[in-house]
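Below: the structure, in structure tokens.
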Number of protein chains: 2
Amino acid sequence: MSRNANFIDKLREARLRPTKQRVKICELLFNREKTFHFTINDLVKKISEDLNEKISLATVYNTVHAFVKKGYLKEIAINSDKSYFDTNTSTHHHFYDEDTHELIDCEQNNIDSINIKNNITGKKINSVEVLIKVASDNQNHN
Amino acid sequence: MSRNANFIDKLREARLRPTKQRVKICELLFNREKTFHFTINDLVKKISEDLNEKISLATVYNTVHAFVKKGYLKEIAINSDKSYFDTNTSTHHHFYDEDTHELIDCEQNNIDSINIKNNITGKKINSVEVLIKVASDNQNHN
DNA sequence: ATTATACATTATAATTATTCTAAACTATTG
DNA sequence: CAATAGTTTAGAATAATTATAATGTATAAT
């Protein structure tokens, strides 16, 4: 119960009503050590498997988007037909496994700091992120 | 006609039959000085406006994908709701203007070469691309 | 040239991801 | 504990993309 209380506070701080669906999703997403990368579909599956509950698809979309807006989740752009989300909201890089369609964090210190020599005039840089696409070594790419 | 002949050769080299639809799309995409960033929808619109012709949507998808496969176009990851394509197929990076939602090429020599210290074991790196998100200096980000 | 064949194009249907809608529900406030 | 403002829900709607199957066309073999 104390863990849930934390999530309730977390939601309240972001002026999100701690509904039971939101708290459940928080439990799934934030009660973990390692970063979690997921699509909406992954999350829906996880809800029905791990929690043995049903949260409507529309609610999952709404909740995830609300969390992105409040900075609890980060959306990641991959060349794909789906949106990926990340529980690691810090600026960091990614490996994308083209075989398994899996996203893996690439810690910032795994790449030397990136220096952009010429920026667009009049604009400030908000983020610099690297996407490294990898595939099995013996893959046949024609 | 000599320009079209070039495209016919270009297509033949890639073992793509130079059908009239493919040649038309080549004309639109590759008869230009500057890099062209587009979505399928942009291209379909351009075909009907610029050429006053109709190429079926399925053909536009097939053709663009064939061009990506043969290295005439490059797919870029920005938004996950649509696929963006780029006539600049060289390894290069992108600025994404968060105010205007515009994509701007960032040439490779604008960033020092990126060294990934530890790669995923058993995988080979297919591409390394940087996305630099920029916004107006006096923008209000909440 | 003509024909046969393999590949392309097309309209349309199907699929997939996501958003919208409007009614029922629930957390908060008074 | 009622009022109300925000939330959830199922299902419909929309948007992007892919599949299908019939028709058309470029190429290679006659």
Side-chain angles (χ1 to χ4, degrees), chain A residues 4-5 7-28 37-48 51 53-70 72-73 75-85 101 103 142, chain B residues 4-5 7-28 37-48 51 53-70 72-73 75-85 101:
Chain A
N4 283 11
F7 293 133
I8 289 168
D9 288 348
K10 193 181 159 110
L11 290 167
R12 280 228 174 83
E13 272 161 33
R15 290 200 211 87
L16 291 171
R17 283 190 181 174
T19 63
K20 67 170 187 287
Q21 291 85 348
R22 281 175 181 161
V23 174
K24 289 281 175 203
I25 291 174
C26 277
E27 278 181 66
L28 263 184
H37 297 116
F38 64 95
T39 64
I40 295 289
N41 200 45
D42 294 335
L43 184 53
V44 168
K45 228 191 219 155
K46 222 164 176 28
I47 291 163
S48 73
L51 298 184
E53 293 225 16
K54 214 233 155 193
I55 299 180
S56 118
L57 189 60
T59 300
V60 178
Y61 272 100
N62 290 342
T63 304
V64 166
H65 286 149
F67 287 2
V68 169
K69 200 170 175 184
K70 295 299 182 179
Y72 289 174
L73 289 174
E75 196 167 357
I76 300 169
I78 295 171
N79 243 347
S80 178
D81 48 349
K82 282 186 206 99
S83 282
Y84 282 77
F85 299 91
H101 301 276
L103 252 190
N142 58 330
Chain B
N4 282 11
F7 292 135
I8 289 168
D9 289 348
K10 192 182 159 109
L11 290 167
R12 281 225 175 86
E13 272 161 35
R15 291 201 209 87
L16 290 171
R17 285 190 180 171
T19 63
K20 67 171 189 284
Q21 290 85 349
R22 281 176 182 163
V23 174
K24 289 281 175 204
I25 291 175
C26 275
E27 279 181 63
L28 263 184
H37 296 117
F38 64 96
T39 64
I40 294 288
N41 199 46
D42 295 336
L43 184 52
V44 168
K45 229 192 217 153
K46 225 167 173 29
I47 291 163
S48 74
L51 299 184
E53 294 226 14
K54 213 232 155 194
I55 299 179
S56 118
L57 188 60
T59 299
V60 178
Y61 272 100
N62 291 342
T63 304
V64 166
H65 287 148
F67 286 1
V68 170
K69 201 171 173 181
K70 296 298 182 181
Y72 289 175
L73 289 175
E75 196 167 355
I76 10 176
I78 299 299
N79 272 324
S80 27
D81 55 341
K82 276 186 209 107
S83 282
Y84 282 79
F85 299 91
H101 300 276

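Between the CZ atom of R22(B) and the P atom of dT27(D) there is a distance of 10 Å, given to the nearest Å. Rounded to an integer number of Å, the gap from CD1 of I55(A) to P of dC25(C) is 18 Å. Look at CZ on R15(A): it is 18 Å from C1' on dT7(D), rounded to the nearest Å. Look at CG on N62(B): it is 13 Å from P on dA11(C), rounded to the nearest Å. Following rounding to the nearest Å, I8(B) (CD1) and dT25(D) (P) show an atom-to-atom distance of 16 Å. Straight-line distance from the CG atom of D9(B) to the C1' atom of dA26(D): 15 Å, rounded to whole Å. Counting to the nearest Å, the P atom of dT25(D) and the CG atom of L11(B) are 18 Å from each other.
Of all nucleotides listed (dA10(D), dT8(D), dT10(C)), dT8(D) comes nearest to the side chain of T63(A).
In this model, the phosphate group of dT10(C) is approached by a side-chain N or O of T59(B) to a distance below 4.0 Å at OP1 or OP2. Distances shorter than 4.0 Å separate none of the side-chain N or O atoms of Q21(A) from OP1 or OP2 on dT26(C).
Closest approach of A66(B) to L16(B), counting heavy atoms only: CB-CD2, 4.1 Å. Smallest separation of non-hydrogen atoms from L11(A) and P18(A): CD1-CA, 3.7 Å. The shortest heavy-atom contact between A77(B) and A77(A) is CB-O, 3.9 Å.
Residues K45(B) and F38(B) have side chains not in contact (no heavy-atom distance under 4.5 Å, counting atoms from C-beta outward). Within the 4.5 Å cutoff, no side-chain heavy atoms of Y72(A) are placed close to those of V64(A). When side chains are defined from C-beta on, F85(B) does not count as touching D42(B), because their heavy atoms never get closer than 4.5 Å.
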Could you run down the sub-3.5 Å N/O contacts of the protein with nucleotides 13-17 of chain D?
{"unit_1": "dT17(D)", "atom_1": "OP1", "unit_2": "S83(B)", "atom_2": "N", "d": "3.0"}
{"unit_1": "dT17(D)", "atom_1": "OP1", "unit_2": "S83(B)", "atom_2": "OG", "d": "3.2"}
{"unit_1": "dT17(D)", "atom_1": "OP2", "unit_2": "Y61(B)", "atom_2": "OH", "d": "2.7"}
{"unit_1": "dT17(D)", "atom_1": "O5'", "unit_2": "Y61(B)", "atom_2": "OH", "d": "3.3"}

Dump every N/O contact between nucleotides 27-30 of chain C and the protein below 3.5 Å, one line per pair.
{"unit_1": "dT28(C)", "atom_1": "OP1", "unit_2": "R12(A)", "atom_2": "NE", "d": "3.3"}
{"unit_1": "dT28(C)", "atom_1": "OP1", "unit_2": "R12(A)", "atom_2": "NH2", "d": "2.9"}
{"unit_1": "dT28(C)", "atom_1": "OP2", "unit_2": "R12(A)", "atom_2": "NH2", "d": "3.2"}

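Sorted pairs that involve residues 8-22 of chain A and meet side-chain hydrogen bond (donor to acceptor under 3.5 Å, both in side chains), not counting sequence neighbours, are lacking altogether.
Taken from NZ in K69(B) to CG in N62(B), the straight-line distance is 11.0 Å, to the nearest 0.5 Å. Taking CG of L28(B) as the reference point, atom CZ of F7(B) lies at 9.5 Å (rounded to 0.5 Å).
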